[in-house]
Every structure is written in C-alpha cells, then in structure tokens.
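This is a predicted model, so every value here is computed, not measured. Chain identifiers are assigned alphabetically (A, B, ...) following the order of the sequence lines, protein sequences preceding nucleic acid strands; residue numbering begins at 1 within each chain.
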Number of protein chains: 2
Amino acid sequence: MPNRKVVQPITLSVIKTACSNCNLQELCLPLGLSHEEVEKLDELVSTRRRLKRGEHLYRAGEAFSAIYAVRSGFFKTDVLLEDGREQVTGFQMTGELLGLDGISTELHSCNSVALEDSEVCTIPFSHLEGLSREIQTLQHHFHKVMSREIVRDHGVMMLLGTMRAEERLAAFLLNLSQRFTARGYSPAEFYLRMTREEIGSYLGLKLETVSRAFSRFQEEGLIAVQQKHVRILNTPGLKRLMNHHSHG
Amino acid sequence: MPNRKVVQPITLSVIKTACSNCNLQELCLPLGLSHEEVEKLDELVSTRRRLKRGEHLYRAGEAFSAIYAVRSGFFKTDVLLEDGREQVTGFQMTGELLGLDGISTELHSCNSVALEDSEVCTIPFSHLEGLSREIQTLQHHFHKVMSREIVRDHGVMMLLGTMRAEERLAAFLLNLSQRFTARGYSPAEFYLRMTREEIGSYLGLKLETVSRAFSRFQEEGLIAVQQKHVRILNTPGLKRLMNHHSHG
DNA sequence: CGCACACGTTGACTTGGATCAAAGGGGCTC
DNA sequence: GAGCCCCTTTGATCCAAGTCAACGTGTGCG
C-alpha cells in the first residue's frame, strides 16, 4: 500500500478535486450523470481554490474563464454602481455555481466574496462546453442550472417589486431554510453568514428595517433570533405572511 | 433551375421560416454562424406563430418544449403571485428569445403576452440542444444569450433595490432607446407598446408614480411625451439622473 | 484578558411613493 | 362619426420605510 504512492503518484490534491468521490454530486454539476460520465468530469474540474472570509473569488471587470462550484462555505455576489451604491444579487452555498454572469461578455459582471472560509472547484468554461458537446446529460443539466438562475432572479424581482419589508424577510428566511434542508441541515435552525446590511442590500431594505422585522417576528413568536443565530418556530405563520396584504 | 422546384418543392412557408434569409441574424440565434451552419438552423426553426395583441404565447405552468425568437412585434413576460399581485419581468423585442425560464423545470414559470400583433419563430429545445452539440459556435452563442439574461436580471434587481422612482424610469427609457437603436430605429423617438401600469409593474412602481415621473421629465425638458409617444430631448440629463442621489 | 470596533437594536422624526379620488383624452368598435 | 371604455393625468392625504441618533453586545485582536 505505501509503495503504491511511488508507482502511481496520486497527490492529495488530485484525489481531492475528483467529482467522483465528492458527496455533493446530487447538488452540483454531476447530477444525473453515470459513473463513467462523472469520471470524465473529474479531468475537467482541475483545481480547487480556498478562500478566507472576506476574500474575493472574482471581481467585476475581470476576465472570465471558468465557473466555480461551491465545495464548502458561503458566498455573496454583488453589483456596484459608480456612485457607490451596492446591491447584493445572491448568496451561494455548497453545490451552487458561481460565475455564470461572466459568460455573456467574457468579463465578470459582479463581485463574488466568501462570507466564511470556503473552498470552490474551478471549472474551466471552454472545457465544460467541450464536454457538454459529448455528454448530452451534462449539457442538459447545465442548461437547467442556468435556467434555474433566471427563474430565481425573477423571484427576487417579484420580491423587490411587490413585497413589503416583512414579506421580503419571511421569503428570505424560508428560502434559506429550504436550501439548508436540501443539504441535510436543520430546516428550523441555522446561522446567518451575512450581516443585517447584506440581507438588507439583497432585499432592497435598510439594515434598520431588517433588524426591526427580525424583532417583530420574534415578538410574534414566528422565530427566535439572537444575532446571527435563527430558529424558525412557526413556518406556516411565515408563509402566511407572504401571501397576504397587497403592496403598500 | 426552374424544375428544381418540382423535384424539391419549396413552399412559401418553408422559405418564410428560414433563418438564412431572415434579416435579424445579427440580433438573433444565428449570430456568428457560417452560412452552412445557418442552413442547419433552418431545419430546426420549423414553424412560425402569429399572435394578436393581448394573446398569450405561453402561460405559467404549461409544459415547456421550445423557446421562441421574436420575429416581429413586442412582448411582455410576467409572474403572478397567488394573491393576485403581478410583476412584469421583462419586455422583449425583435431578435430576443422567450421561454428560457422553462428549461429548468420543463414547465414555463411565467406568462408571455404579445403587446402588439407579433410573430415568433418556434425553436424546439431538444433540437437546439442537439444542434448545439454539433456546432460549437451555436452552443457558445446560446450560452452567452442565457448569461446575458442573467446579467440583465441583475440590472433590474439593482434598479428595484437601490434606485428611486425617477432614476428607474430614466434607466428604463435609456434601455429602450439603446435597444431600438440596435434595431435601426431612432434612439430618441419611439412609441411605448406598454401601459403606464405595465411600466410601473416592471419598475416596482404604481402607475400614478410613473405618470408623475413622465410629467416631471417633461417639465425639466428631458423628454417630450404624449401618451405612448416619447421623444428623448436630453440623453445626458437622463443619464446624470441615474448616477446621483442615494436611495431615500 | 481587556479593549476596540464592527455589528445590531431601538427610538424619534421625515419623506417618497402609495392610496384614494376625480376629471380629461384617444382610439377602437359598432 | 358617435359613444364608450380604457388609459392617463393631476391633486390631496397617508403610511411604510428611510434617516438620524444613541446606546447595547459580542468577538477577535493585540
């Protein structure tokens, strides 16, 4: 066993970057692929990259060459206007893809920042297109992922365009809950990785409004919240909040 | 040459649906393809469909099987919430694609309505994927189109999340102007195909607010507006409007 | 281990855009 | 070509969320 390393030197990093022994297959690009197909993906997903909290994965304006799959950690993407206004356009967790915005102009159009120490798999885009031409399942799945991003964005537009503050926060919490559930975590209890200001930016609200809405939910027994620790006590109550009152 | 028609009967409808003699090539899917490649596309874009004003191209919940390219006319897409709230998610003009939202779940996730008598080319999606595996240029261009849609949505999120009413309308008018220009129309003078209410829905505003903003722009000499007819008098003025004042 | 600083909460006041209301204007139909 | 209905404009009032301010709190750094 020890001399196997000598004959066929498999470095730790190579083992680590293989899709075929990654437990995120069902959430990530390999979804629906056969074992042989996933092995082809292995060659493509060449490198991992570790990021510390606060570090940028990419910045708006940089050349685009790869998309990234979140292997561990938590990210935000944001867009900046010349006058300094910032809008958080999304939060990404394990298995989700980053960088799709860059395909269009071959320049990244937003910033991607790690909200905690994280790790991503780098997927060189031209290789992905090449393999997509060979593996129909991969091609179709990739198209679905892009389309899902468009649908998600429409949901956010709906939220920003028609919902009041408390509805927005309820929608946000329910969405997080659902995504944590899909990853095997508790649907009811989680730590927020982002600040009130970042939540506000995503929801089109000021941080004070976010904070007040949290407090209100707590008063009403919908959630228990202390700083970044959230526990959902009444999911149906939160859902009900979203489906009533028309926009003020 | 004349008997070629007898041997291989080319009906008018076949001629009509061919990408290879469509003047929208530079705006639409065929962009960047060689003549031979465009001829392959011809087989794929099998049918056209005419829609009268107000008619739905597809509705949320319907099965997805094709995307559509706007051949002529003008569309809106919208999403509805259970409680009746509506959000217009986009306006589409010639050469733009409709239906990308349906790929993700194989169900359309929004409604698409013609705002004037219109015509679309139907592109069966499985055929498009097939041809994308053969023609790299087509594949890449299609990915760019999807990515562009994501970037556009981020722009709308920014608008809805951080801009005040007048900035939103200025951004909207400048965007229309730019898209009309790309189609060979006047950058400064155009007819809106949508109502104040639809503009408001897209911009997250009430129709009265849209109307007041139009009036204000007119008072300030930025535009001349009468009903749906708009003339932009001061483009730099409109641009300046967008880059100042932080969100109230 | 303690101090600093970023983050979060809460209160008082302001305001931009929503709401309610009412009165033109255009264009399509019959 | 008359009438109707939808679209649009404009005014008066209201309210949700923003702003400004001051005070907690937790955490990470030296």
Inset, instruction - Please tell me which of the listed nucleotides, dT10(D), dT19(D), dG17(C), lies nearest to the side chain of Ala165(B)? - result: dG17(C)
Inset, instruction - Starting at atom CZ of Arg216(A), determine the distance to atom C1' of dA16(D), rounded to an integer number of angstrom. - result: 12 Å
Inset, instruction - Mind telling me whether His229(B) and Tyr191(B) have parallel, tilted or perpendicular rings, with 30° and 60° as the class edges? - result: tilted
Inset, instruction - Starting at OG1 of Thr94(A), measure out to CZ of Arg179(A) and round the result to the nearest 0.5 Å. - result: 9.5 Å
Inset, instruction - Measure the distance from CD1 on Ile199(B) to C1' on dC7(D) and round it to the nearest whole Å. - result: 12 Å
Legend entry - Parallel, tilted or perpendicular: rings of Tyr58(B) and His108(B) (30°, 60°): parallel
Inset, instruction - Find the distance between CZ (Phe74(B)) and CG (Leu192(B)) and round it off to the nearest 0.5 Å. - result: 8.0 Å
Legend entry - Side-chain N,O (Ser215(A)) to OP1/OP2 (dT10(C)) below 4.0 Å: yes
Inset, instruction - Rounded to the nearest angstrom, tell me the gap between atom CZ in Arg193(B) and atom C1' in dC7(D). - result: 17 Å
Legend entry - Spacing between Leu207(A) atom CG and dT10(C) atom P, to the nearest angstrom: 13 Å
Inset, instruction - To the nearest Å, give me how far apart CZ (Arg164(A)) and P (dG18(D)) are. - result: 12 Å
Legend entry - Proximity of Tyr185(B) and Phe190(B) rings by center, below 6.0 Å: no
Legend entry - Distance, rounded to the nearest Å, where Arg168(A) contributes CZ and dA17(D) contributes P: 7 Å
Inset, instruction - Could you say whether Met194(B) or Arg212(A) is positioned toward the 5' end of DNA chain D, judged by the nucleotide with the nearest heavy atom to each? - result: Met194(B)
Legend entry - End axis versus end axis in the helix from dC1(C)-dG30(D) to dC30(C)-dG1(D), the angle rounded to 10°, five pairs used at each terminus: 50°
Inset, instruction - With rounding to the nearest 0.5 Å, note down the distance linking CE in Met163(B) to CG in Leu81(A). - result: 5.0 Å
Legend entry - Thr209(A) vs dA17(D): side-chain N/O to OP1/OP2 distance below 4.0 Å: no
Inset, instruction - Would you kindly check whether a donor in the side chain of Arg196(B) faces an acceptor in the base of dT10(D), or vice versa, at under 3.5 angstrom? - result: no
Inset, instruction - Nearest whole angstrom, please: distance from the C1' of dT9(C) to the CD1 of Ile223(A). - result: 14 Å
Inset, instruction - Applying side-chain hydrogen bond (donor to acceptor under 3.5 Å, both in side chains) between Asn111(A) and each of Thr77(A), Asp78(A), Thr89(A), report the one that passes. - result: Asp78(A)
Inset, instruction - Decide whether a cation-pi geometry holds between Arg196(A) and Phe214(A); the criteria are a distance under 6.0 Å from NZ or CZ to the six-membered ring centre and an angle within 45° of the ring axis. - result: yes
Inset, instruction - Before accepting this row, confirm whether a basic side-chain N of the pair Arg183(A)/Glu96(A) lies closer than 4.0 Å to the acidic partner's carboxylate O. - result: yes
Inset, instruction - Enumerate the residues from residues 224-233 of chain A whose closest heavy atom to DNA chain C is under 4.0 Å, giving them by residue number; use none for an empty result. - result: Gln227(A), Lys228(A)
Inset, instruction - Please state how far atom CG in Leu115(B) lies from atom C1' in dC7(D), giving the value in whole angstrom units. - result: 14 Å
Inset, instruction - Could you tell me whether Thr195(A) contacts a base, only the sugar-phosphate backbone, or nothing, with contacts defined as non-hydrogen atoms closer than 4.0 Å? - result: sugar-phosphate
Inset, instruction - Kindly compute the distance separating CD (Glu86(B)) from CD (Glu197(B)), expressed to the nearest 0.5 Å. - result: 7.5 Å
Legend entry - Residue whose nearest DNA chain D nucleotide is more 5′ - Glu208(B) or Glu166(A): Glu208(B)
